[in-house]
Number of protein chains: 2
Amino acid sequence: MLETKTERVCGCAHDPATFAARVEQSCARDGVQLTPLRRRVLDIFSGSAGPLGAYAILEALSRREGKQVAPPTVYRTLDFLLEHGFVHKIESLNAYAPCEHLGHAHHGMLAVCDACGRSEEIEDEAVMRAIAATAAGSGFMPRTVMVEAKGLCRRCAEREAGATAHHRNPGVASSTSAPSGSRK
Amino acid sequence: MLETKTERVCGCAHDPATFAARVEQSCARDGVQLTPLRRRVLDIFSGSAGPLGAYAILEALSRREGKQVAPPTVYRTLDFLLEHGFVHKIESLNAYAPCEHLGHAHHGMLAVCDACGRSEEIEDEAVMRAIAATAAGSGFMPRTVMVEAKGLCRRCAEREAGATAHHRNPGVASSTSAPSGSRK
DNA sequence: CTCCGCACTGTTATAACATAACAGTCTGCC
DNA sequence: GGCAGACTGTTATGTTATAACAGTGCGGAG
């Protein structure tokens, strides 16, 4: 149980560091215009350990550009990235995370760790099928479906279990290394 | 397949008009303090056809009280109602809706109609089981799970189908009438 | 009865998230 | 050149949410 690379059926890489590069390839292939600005935002995602709020991106961007960037610039870029499925919005966090399954449609759930703030995209057709079936049963016709779970990722769950093996403790890490982007 | 009253296993009433009264009973039974302010907010939910934004509640409350109410008042009340499971937050709308399954834990999905703006709470253990299983498979330990679907409710889907019986059918409402509670 | 703590509400200010509207720039094309 | 379109810049503002502290009312301990 030591692998950090989450290997899955689809064979996706899930490597944040190469995220921007992979999107770039995808754009080149599809004739989608990946401008310098958009590329820089992708780089910011690549360098982040967790989901980023729009204003976190804004700050990072301003730092990188050396001059103040305004909100619309960021939101427009996010719109582009969302539209092409390169990032997802995490509604419960008002934050954005790079898509871990570039190329496939997004049929998964988003799992957000309360301790480390990272998010993880878990693909599973069974969940989506169950949702579709349930919706159909009540006459509802879904157009988009969002599944977000909060809890502890494998790593943090193990750390908790180890750290408090005998005692017990308040489920949620306090100031445990919250990566850059996480708020709340 | 003709019933409009969504009758479900649990036998819940789902009647907005009696919502406040039912919460009141629940509070009385459990020794939970339902103050006049909280009761008024419940009444506002009872009188609404769809989910309400915090600031919509704020306006309704201000109107009802005859004087301006400040945001913290509303948010504190919502905190109380959320905490006790009397209302749910719809993250994808930043809005709040009365719980349709008072008394049970919330093990369902929220279906929001793009056309009429109403939300509907669909209970289904199968979905939650599938999610739990999927999460477990990847080592994630969920604490809270949120499922939100957007699309067309039975009623609006039927209306659409009727309106455009012979021609196009993409299943997705365009700019169809949006009512009271819905924003954006 | 007084004092104290607690739960609730009021009030002011501000933070955090998001968009509208319009202006400027750059590029490719006729 | 001149135009159209896509992209970005800029200013202003709208919307959602919280921090911090003050007041009020009530019940219990002393």
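Lettering of chains follows the sequences in order, A, B, ..., and the numbering in each one begins at 1.
For residues 56-81 of chain A, every residue pair satisfying the ring-ring contact (aromatic ring centres under 6.0 Å, His included) rule, not counting sequence neighbours, is listed here: A:F80-A:H84.
Taken over five-pair windows at either terminus, the axes of the helix from C:dC1-D:dG30 to C:dC30-D:dG1 are inclined to one another by 10° (rounded to 10 degrees).
Qualifying side-chain contact (heavy atoms from CB on, under 4.5 Å) partners for B:A126, counting only residues two or more places apart in sequence or in other chains: B:D124, B:R129. By the side-chain contact (heavy atoms from CB on, under 4.5 Å) test, B:E83 pairs with no residue at all, sequence neighbours left out. Under the side-chain contact (heavy atoms from CB on, under 4.5 Å) criterion, B:A136 pairs with no residue, sequence neighbours left out. Under the salt bridge (Lys or Arg N to Asp or Glu O under 4.0 Å) criterion, A:R39 pairs with A:E24, A:D43, not counting sequence neighbours. Residues that satisfy the salt bridge (Lys or Arg N to Asp or Glu O under 4.0 Å) test with B:E65, not counting sequence neighbours, are B:R40.
Taking 4.0 angstrom as the limit, B:N94 places a side-chain polar atom (N or O) nearer than this to OP1 or OP2 of D:dA17.
One can place OH of A:Y96 at 9 Å from P of C:dC17, the figure rounded to the nearest angstrom. Computed from coordinates, the A:E83 CD to D:dA6 P distance equals 12 Å when rounded to whole Å. Put simply, CG on A:L93 is 11 Å from P on C:dA18, counting in whole angstrom units. As rounded to whole Å, 10 Å separates atom P of C:dC17 from atom NZ of A:K89.
The base of C:dA20 lies outside donor-acceptor range of the side chain of A:Y75, with no N or O pair under 3.5 Å.
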Output one line per pair: protein atom, nucleotide atom from nucleotides 5-12 of chain C, and distance, for all N/O pairs under 3.5 Å.
{"from": "C:dC8", "atom 1": "OP1", "to": "B:Q33", "atom 2": "OE1", "distance (Å)": "3.3"}
{"from": "C:dC8", "atom 1": "OP1", "to": "B:R38", "atom 2": "NH1", "distance (Å)": "3.3"}
{"from": "C:dC8", "atom 1": "O5'", "to": "B:R38", "atom 2": "NH2", "distance (Å)": "3.4"}
{"from": "C:dT9", "atom 1": "OP1", "to": "B:T35", "atom 2": "OG1", "distance (Å)": "2.6"}
{"from": "C:dG10", "atom 1": "N7", "to": "B:R76", "atom 2": "NH2", "distance (Å)": "2.5"}
{"from": "C:dG10", "atom 1": "O6", "to": "B:R76", "atom 2": "NH1", "distance (Å)": "2.9"}

For residues 28-38 of chain A, which side-chain donor-acceptor pairs fall under 3.5 Å, sequence neighbours excluded?
{"from": "A:T35", "atom 1": "OG1", "to": "A:R38", "atom 2": "N", "distance (Å)": "3.3"}
{"from": "A:R38", "atom 1": "NH1", "to": "A:Q33", "atom 2": "O", "distance (Å)": "2.7"}

